[in-house]
Every structure is written in structure tokens, then in C-alpha cells.
Amino acid sequence: MTSVLPGTSKSNTSFAANPALQLPKNTLGWEQRYQRSVIVSDICAIVATTTLVAVGAAVSGSAAYSPRWAGVLAGGAGAVAVVMLSLCRAWDVRVLGQGPEEFRRVGRAAVIAMLALSVIALAVRLDELRPWVFVGMPALAVTAVSQRYLLRKVLHARRREGSCLLPVLAAGTVEAVHDLIRRTRSDSHIGWRVEAVCTPDGLGIGRVAEVDGVPVVGNLDELVERTRLGGYRVVAVAPAPEWTPDRVQRLAWDLEGGTAELVVTPTLMEVAGPRLHVAPVFGLTMLWVSAPTFSGIPRLIKAVMDRVGALVLTVLAAPVLLLIAAAIKLDDGGPVFYRQYRVGRGGQAFPMLKFRSMVVDAHQLRHALAAANQGSGPLFKMRRDPRVTRVGAVLRRYSLDELPQVLNVLFGSMSLVGPRPPLAEEVASYGQDARRKLLVKPGMTGLWQVSGRSDLSWEESVRIDLRYVESWSLSMDLVILWKTVSAVVGGKGAY
């Protein structure tokens with residue numbers, strides 16, 4: 001078991017003066033080291049970007065920027081950046097290494113730093129600050145986010161090896177706990193390891209005291225005591241009929257001042273992000289779930305990003321497109337493109353373009369291969385499909401067969417990011433939940449692309465697409481686009 005630091009040790013005292021650097025009780029040693037690595041990384045980014053702007057200003061030939069004065073301005077801008085990162089809690093250990101919130105806080109700090117420097121420049125008529133406002137802070141945000149992403153990749157690699165994980169005590173029904181354990185093991189990058197379980201009757205699967213190899217240490221009444229004895233960092237409350245609002249509230253009170261943080265899994269719907277709002281109503285704390293928005297300024301920005309991004313991709317990828325087209329033609333002499341009708345937003349069919357990766361009569365041969373289908377639900381998938389050509393196997397491995405879809409994005413039938421574009425026969429089998437995918441345009445990439453692609457079961461692919469539809473945001477699109485690069489290069493789940 002991962003070693004746990006008791007309470008607030010001497011190694012924590014240097015963080016106590018700054019609330020942005022506060023560590024939770026029982027902080028693990030690797031968390032402190034990772035936080036320090038991020039802080040050092042950010043400081044290096046601040047020094048590098050502000051210094052480069054200072055050098056550029058000093059050599060610009062302007063009389064307003066002597067080397068000494070440019071250095072003073074760089075130091076002041078750097079100090080403002082440090083303060084804003086601290087105030088925006090960009091070094092809070094709870095958000096480091098997971099989710100987009102870490103990157104949002106860095107971006108927020110950079111924007112506030114720009115505003116602060118602008119106010120200072122106006123207040124004291126210091127126009128010489130403009131390079132640090134319009135160049136230094138944006139460059140800092142890009143550099144800091146890039147460095148944090150690289151640190152996160154190292155952290156995720158360590159987690160795949162079984163280290164740098166938070167010890168978790170899960171509490172709920174056997175079925176709910178089983179699902180939670182399965183998810184934590186498949187998504188190791190989240191950093192959870194369920195090390196003990198409490199169930200309503202204190203028993204596990206088959207009436208033995210374990211669930212998926214994790215020991216059951218007690219029932220729900222013993223949860224608080226087991227948490228204090230075990231030194232867990234997270235208490236994950238999974239669904240169970242016994243979890244009444246009053247009981248969960250008392251649990252939260254009992255865990256206050258201890259070493260563990262309480263996490264309650266959602267039981268009603270899988271919705272997150274900007275659609276959730278907490279507000280008091282009639283003396284009660286209510287969780288408001290607003291309807292998903294598919295119009296307005298954010299959607300207009302997404303539409304502009306789609307068209308501009310598709311145009312840039314088309315120009316940049318033109319040589320690659322020509323090479324692929326030539327390879328397909330030389331391979332078997334058949335057509336270069338494969339046009340297949342897919343179902344888009346609102347149930348409207350559209351012709352989706354792909355590079356042909358199969359033999360010419362592939363669709364007619366599908367019925368003969370029905371017995372070898374390895375896909376789930378209405379999907380047809382084979383890991384070693386005999387219809388795939390030699391060139392097609394390479395194209396599918398790295399998703400190059402999907403490059404012509406930039407034209408679909410350019411002409412408005414698809415988006416850069418969205419749910420997987422379904423076939424008409426798939427839509428015919430959709431239930432009410434899966435049909436919600438048709439509320440938005442399908443995408444060249446999406447959560448399905450960065451979460452396993454063809455390795456996903458039908459139920460998982462539907463759940464992932466619905467999560468995107470229900471919780472869409474511009475920041476989610478940017479994160480998916482970023483992750484798509486590594487997913488495509490790695491080729492995981494592509495066949």
C-alpha cells in the first residue's frame with residue numbers, strides 16, 4: 001500500500017502561509033513532489049517569457065526600453081503573474097494532474113494578469129508595459145499549459161505502473177462498488193485505487209468479504225470508523241438505498257477535520273460542467289440542471305472554429321492527401337474515395353467522405369462475415385477484417401482514412417469534434433437515450449476517439465457520446481482535439 005504522511009508534517013509547513021499552496025491533510029509524498037514540480041515549471045515559464053519579451057523590447061531600438069528598465073518591467077510583470085496564479089489557486093494539489101480545471105485556472109490567471117497590468121499601465125501612464133500585456137501573458141499561458149501537460153503525461157505513466165495513486169474507501173451497494181472499481185482500474189490516469197469497501201450488509205459478491213479482490217472492511221454504519229483507521233484520502237459514496245440525504249449530510253459532518261475528502265457519485269444523470277448550478281431555494285440547497293444549449297455565442301464560436309480549422313487542415317494536409325490518393329490507386333486501381341451516407345444533426349442524412357480502405361465490393365461481402373462480427377450492439381467490427389486492403393490497414397491504424405472528412409466539416413455537415421457519425425441502420429435501433437446524439441453535428445473526432453474507439457462496447461460508446469452532448473463546452477472541445485493527436489499516433493483501438 002502507498003505510504004501516507006500523517007496529518008500536517010514538517011514538510012507541509014512551508015505551504016501553510018499561502019492558501020493556494022495548502023495541501024489536504026494526509027497528503028501523500030508524491031503529491032507534494034508533483035506540486036513542487038508544477039510550481040518550478042511555472043516559475044521557469046514566467047522567467048523565460050518575461051525575459052524574452054524584455055530582450056525583444058531592449059533590442060527594438062526604442063529609447064523607452066533601456067536594458068535596465070526592460071528588466072524592471074519584466075520583473076514586475078513576472079511578480080504579477082506569480083500572484084495571479086496563486087490567487088486563482090492554479091497550484092491547488094486537488095486539481096493538479098487531472099481534468100481541464102487545472103488548465104482553466106492557468107488561463108484565468110493569465111487573463112487577470114493581463115487586466116491587472118493594463119490597469120497599472122493606465123493608472124501610472126506606463127505604456128511600456130504593453131508588450132508584457134499582449135505578448136508576455138499569452139505566451140506564459142501557452143508555455144505553462146504545455147509544460148503542465150508534459151508533467152501530466154509523466155504522472156499518468158506512473159499511474160499506469162501502479163504508483164502515484166490515491167487510496168480510496170468506496171461505500172455503496174455491491175453492484176455500484178463493483179462498477180466504481182472497474183472504472184478506476186480501466187481509467188488509471190484519474191489516480192484512484194479502491195483499497196477497501198463498505199457495503200450495506202458488510203458482505204461482497206457471493207456473500208464473501210470482498211468485491212473484485214478488494215476487501216470489504218465493514219458495513220455503512222462502520223464507514224466513519226474505518227475511514228479514520230485506514231488513513232484513506234478519498235471516501236467515494238456510490239449509490240445505495242440506505243444513502244438518504246440526512247445520512248450523507250451526517251457523513252460529511254463526521255468526516256470534517258479528518259484525512260479523507262468525501263466524493264459522492266451522481267445517481268440521477270451523467271451531467272457535468274456549465275449545466276450544473278447549486279443555489280438555495282426555500283432554505284434547501286438545490287442542484288439546478290439547465291437544458292443543453294445548442295445555440296448562442298459559444299456555438300457560433302464553435303462553428304467558426306470548425307470552418308477555419310477545416311480550411312487550415314485542408315491546406316496543410318494537401319500533400320498527404322495526394323500521397324494517400326496515389327497509394328490507394330496504385331494498390332488495386334479502384335476508386336480513391338468511399339462515400340457513405342451517415343445520419344447527422346436532426347436525423348438528416350449526408351454523404352460522408354473517407355479514403356477507401358476496403359475492397360470495392362466490401363458492403364456486399366459484409367453479410368457473409370456476419371458470424372465473425374466482433375462489434376457490440378448494431379456495430380459491425382472485426383479486428384482482422386479480410387475486406388481491408390494493404391494500404392487500408394495502414395490508413396485505419398492511424399485514422400488517415402478519415403482525413404477527407406475535413407471537407408464535410410468545411411461544408412457544414414460535420415464538426416471537428418462531436419459524437420461518432422452513425423449509419424442509418426444504427427439509428428433505426430436507437431433508444432430514446434441514444435437519439436440525443438442527433439441533437440448536435442457528428443464529429444471527425446470526439447470523446448469516443450480519445451477513449452478507446454473500436455475497443456469500446458456499444459453501451460460505453462453511447463454513454464460517452466451522451467456525456468459529450470449533455471456537458472459540451474468549448475474547453476471540452478479543445479481538450480479532445482489535444483488528446484486526439486496522441487490517440488491517433490498511438491493507434492489504440494483502431495482497426
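Just the heavy atoms: all of them, side chains too, but no hydrogens, waters or symmetry mates, feed the values below.
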Check residues 313-325 and write down every donor-acceptor pair under 3.5 Å in which the side-chain atom is one partner and the other belongs to a residue at least two apart or another chain.
from	atom 1	to	atom 2	distance (Å)
T314	OG1	A310	O	2.7

Throw together a table of side-chain donor-acceptor distances under 3.5 angstrom for residues 105-116, partners on residues two or more places apart or in other chains.
from	atom 1	to	atom 2	distance (Å)
R105	NE	E101	OE2	3.0
R105	NH1	R89	O	2.9

| field | Pair D331 + R390: basic N to acidic O under 4.0 Å | value | yes
| request: Give, for atom CZ of R299 and atom CH2 of W472, the distance between the pair rounded to the nearest 0.5 Å. | output: 4.5 Å
| task | Using a cut-off of 6.0 Å, state whether more than 12 heavy atoms not belonging to R339 lie near its atom CZ. | result | no
| request: Kindly compute the distance separating CD (Q340) from CZ (R356), expressed to the nearest 0.5 Å. | output: 14.0 Å
| task | Starting at CG of L155, measure out to CG of L165 and round the result to the nearest 0.5 Å. | result | 9.0 Å
| request: Could you check if a side-chain atom of I190 sits within less than 4.5 angstrom of a side-chain atom of T184, using non-hydrogen atoms only? | output: no
| task | State, to 0.1 Å, how close G172 and A240 come at their nearest heavy-atom pair, and which atoms those are. | result | CA-CB, 4.0 Å
| message | Please evaluate residues L151 and S41 with respect to the criterion side-chain contact (heavy atoms from CB on, under 4.5 Å), reporting the C-alpha separation (whole Å), side-chain torsions for both, the decisive distance (0.1 Å), and the verdict. | response | CA-CA 9 Å; L151 287 172; S41 170; 4.0 Å; yes
| message | Working note: I181 + V197, criterion side-chain contact (heavy atoms from CB on, under 4.5 Å); need CA distance, chi angles, decisive distance, verdict. | response | CA-CA 10 Å; I181 293 172; V197 168; 4.2 Å; yes
| task | Only counting residues at least two apart or in another chain, list the ones meeting salt bridge (Lys or Arg N to Asp or Glu O under 4.0 Å) with D187. | result | none
| message | Give me the atom names and distance for the closest heavy-atom approach of G418 to W448. | response | O-NE1, 3.0 Å
| task | Test L416 against T445 for side-chain contact (heavy atoms from CB on, under 4.5 Å), laying out the working first. | result | CA-CA 6 Å; L416 288 176; T445 185; 5.7 Å; no
| message | For the CH2 atom of W132 and the OG1 atom of T50, what is their distance to the nearest 0.5 Å? | response | 8.5 Å
| message | Salt bridge or not between R420 and E426? Use side-chain N to carboxylate O under 4.0 Å. | response | yes
| said: Using only atom types and a distance under 3.5 Å, with no angle test, would you say the side chain of Y468 pairs donor to acceptor with the backbone of V417? | reply: yes
| message | Filter on salt bridge (Lys or Arg N to Asp or Glu O under 4.0 Å), then keep only pairs touching residues 142-162, sequence neighbours left out; what's left? | response | D42-R148, E102-R148, E102-R152
| request: Measure the CG-CZ distance between N408 and R342 for me, rounded to the nearest 0.5 Å. | output: 10.5 Å
| query | Quick one: CE on M84 to CG on L117, what's the gap to the nearest 0.5 Å? | reply | 8.0 Å
| query | With a 4.5 Å heavy-atom cut-off, do Y232 and V194 have their side chains touching? | reply | no
| field | L140 vs M137, side-chain contact (heavy atoms from CB on, under 4.5 Å): CA-CA, chis, key distance, verdict | value | CA-CA 5 Å; L140 166 62; M137 293 304 108; 4.1 Å; yes
| Any idea which heavy atoms bring M352 and P421 closest together, and the distance? | SD-CG, 3.7 Å
| Non-hydrogen side-chain atoms of P404 and K354 separated by less than 4.5 Å | no
| How would you list, by chain and number, every residue that makes a side chain to side chain donor-acceptor pair (under 3.5 Å) with K441, sequence neighbours excluded? | none
| request: Answer yes if the ring centres of F337 and F355 are under 6.0 angstrom apart, and no otherwise. | output: yes
| query | Looking at residues at least two apart in the chain, or sitting in another chain, which of them share a side chain to side chain donor-acceptor pair (under 3.5 Å) with Y341? | reply | none
